Visitor: 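Take a look at this one; I'll ask things after.
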There are 2 protein chains.
Amino acid sequence: MGTLADHIEAYIKRMLRESQTNSVELSRAQLADTFACVPSQINYVLTTRFSLERGYVVESRRGGGGYIRVGRVPVADRYTHAMQILQTIGDELEEKQLNDILACFRDMQWISEIEMRRIRGIVQQEVSTVSQGKELLRASLARALLFWIVKSAE
Amino acid sequence: MGTLADHIEAYIKRMLRESQTNSVELSRAQLADTFACVPSQINYVLTTRFSLERGYVVESRRGGGGYIRVGRVPVADRYTHAMQILQTIGDELEEKQLNDILACFRDMQWISEIEMRRIRGIVQQEVSTVSQGKELLRASLARALLFWIVKSAE
DNA sequence: GAACTTAACGTCAGTAATAGTCAAAGAAGG
DNA sequence: CCTTCTTTGACTATTACTGACGTTAAGTTC
């Protein structure tokens with residue numbers, strides 16, 4: 001006997017399975033009405049169950065004709081490993097750790113030597129623009145760029 | 001389905017694609033009539049969807065024989081243009097500005113619709129992990145990812 | 001050619017329709 | 001108990017659309 005959030009999650013996932021396009025468009029208010037709950041409950045379900053890490057992208061628009069679109073991003077098996085490594089990146093990332101990860105990606109031939117240098121360059125460039133929170137920014141940038149590459153390779 | 005504004009936007013973009021000259025001339029009153037709306041709705045669409053930030057120029061003239069001309073911003077060298085846009089990103093970047101840049105990149109066919117969503121997803125994901133400096137982080141992430149794409153396309 | 005008329009387009013503020021955020025209360029499980 | 005997950009609702013932000021009123025250009029009349 002699941003919670004309300006579980007039911008809403010299942011409902012959206014069923015819609016996704018039934019859609020040909022791998023994405024569905026919802027109306028927050030209408031969905032909330034269907035499940036007789038407050039609209040913000042829908043946001044709760046989306047943030048807890050349909051995160052990028054779990055393989056979903058959520059877009060939305062407010063105002064008249066607003067909507068919420070939930071899309072499935074396929075996660076290929078051969079990149080599961082790469083994703084696992086990305087998930088080891090914590091809040092902060094030292095330059096040395098970044099180099100380790102880049103070396104790992106290069107060794108796995110997920111990126112080339114040139115791309116490795118390019119990533120280092122971009123990250124260094126961006127990190128040098130801030131005076132505080134360099135490790136935080138480095139972690140975000142590394143995750144973002146490597147995630148992009150992993151996803152693009154699919 | 002989309003809103004009225006979305007339809008008018010699509011209509012104008014189709015006209016633009018079909019025109020060889022990279023620009024189209026409209027009659028506000030006539031267009032409003034076609035879509036059965038008030039004329040100012042056309043202005044709304046033009047300011048929200050065809051801004052300079054998104055890579056369009058709009059000229060118009062009032063009075064008898066008045067017109068509205070919508071054109072794509074002239075792009076001599078696509079790479080240069082992309083870099084120029086990236087350089088307009090300052091220290092901070094609001095979500096709205098990011099959307100404009102992404103829309104512009106998509107309209108220039110530098111990125112696909114799917115890639116646009118992916119970037120939005122990655123940036124949202126990363127930005128949501130911090131409590132402060134969201135605009136700062138968004139600016140860095142956007143620059144890094146888009147720079148990566150531009151460089152990779154060279 | 002000044003005044004008037006007509007035909008465009010522009011602005012702005014208000015209303016309605018959506019969605020997002022956040023903190024606090026409640027429930028469930030250890 | 002204590003922690004973590006769920007649920008709620010008050011408040012906020014964004015987007016779409018309309019209509020009244022303003023501005024500009026071209027044509028017409030005398």
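Remember, predicted model here, so these are calculated numbers, not experimental data.
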Visitor: Among Ile, Leu, Val, Met, Phe, Trp and Tyr joined by side-chain contacts under 4.5 Å, find the other residues sharing a cluster with B:V38 and list them by chain and number.
Guide: none
Visitor: Roughly how far apart are B:E25 CD and B:R69 CZ, rounded to 0.5 Å?
Guide: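 One finds 5.0 Å between CD of B:E25 and CZ of B:R69.
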Visitor: Strictly by ring pair (Phe, Tyr, Trp, His ring centres under 6.0 Å), give each pair with a member in residues 12-42 of chain A just once, sequence neighbours left out.
Guide: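 Passing the test, one end in residues 12-42 of chain A: A:Y11-A:F35.
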Visitor: Could you work out, with side chain to side chain donor-acceptor pair (under 3.5 Å) as the rule, every residue matching B:R14, not counting sequence neighbours?
Guide: none
Visitor: Rounded to whole angstrom units, what separation is found between the CZ atom of B:F35 and the C1' atom of D:dA16?
Guide: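 Between C1' of D:dA16 and CZ of B:F35: 15 Å.
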Visitor: Please report how far the helix from C:dG1-D:dC30 to C:dG30-D:dC1 bends, comparing the axis fitted to its first five pairs with the axis fitted to its last five, to the nearest 10 degrees.
Guide: 10°
Visitor: Using whole Å, report how far CD1 of A:I8 lies from C1' of D:dT8.
Guide: 12 Å
Visitor: Using the test side chain to side chain donor-acceptor pair (under 3.5 Å), find all partners of B:E95 that sit at least two apart in sequence or belong to another chain.
Guide: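 Applying side chain to side chain donor-acceptor pair (under 3.5 Å) to B:E95 gives B:Q124.
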Visitor: Test question: given the 4.5 Å side-chain rule for I, L, V, M, F, W and Y, name all other residues clustered with A:Y44, or answer none.
Guide: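 For A:Y44, no cluster forms, as it stays isolated from other hydrophobic side chains.
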Visitor: Applying a 4.0 Å non-hydrogen cut-off, can you work out what B:I42 is touching in the nucleic acid: base, sugar-phosphate, or nothing?
Guide: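 No contact at all - B:I42 keeps every heavy atom at 4.0 Å or more from the nucleic acid.
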Visitor: Let me have a per-nucleotide readout for nucleotides 13-30 of chain C, 5' to 3', with B, S or -, counting only protein heavy atoms under 4.0 Å.
Guide: ----BBBBB---------
Visitor: Among residues 94-107 of chain B, which contact DNA chain C at a heavy-atom distance under 4.0 Å?
Guide: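 None - not one residue of the stretch has a heavy atom sitting under 4.0 Å from the strand.
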Visitor: Could you give all pairs that pass the side chain to side chain donor-acceptor pair (under 3.5 Å) test and reach residues 28-38 of chain B, with sequence neighbours left out?
Guide: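 For residues 28-38 of chain B: B:R28-B:N43.
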Visitor: Mind checking who shares a hydrophobic cluster with B:Y67, ILVMFWY linked at side-chain heavy-atom distances under 4.5 Å?
Guide: none
Visitor: Residues in ring pair (Phe, Tyr, Trp, His ring centres under 6.0 Å) with B:F147, at least two apart?
Guide: none
Visitor: Rounded to the nearest Å, what distance is computed from the CD atom of residue A:Q41 to the P atom of nucleotide D:dT7?
Guide: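 Value for this atom pair: 5 Å.
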Visitor: Report yes if a side-chain nitrogen or oxygen of A:Y44 is closer than 4.0 Å to either non-bridging phosphate oxygen (OP1 or OP2) of D:dT6; otherwise report no.
Guide: yes
Visitor: Which residue lies toward the 5' end of DNA chain D, B:R49 or A:R49, if each is placed at its nearest nucleotide?
Guide: A:R49
Visitor: Scan residues 136-146 of chain A for pairs that pass side chain to side chain donor-acceptor pair (under 3.5 Å), counting only residues two or more places apart or in two chains.
Guide: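 Listed by first then second residue: A:E135-A:R138, A:S140-B:E126, A:R143-B:E126.
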Visitor: Drop me the distance from B:T129's OG1 to A:L136's CG, to the nearest 0.5 angstrom.
Guide: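 Separation between the atoms: 7.0 Å.
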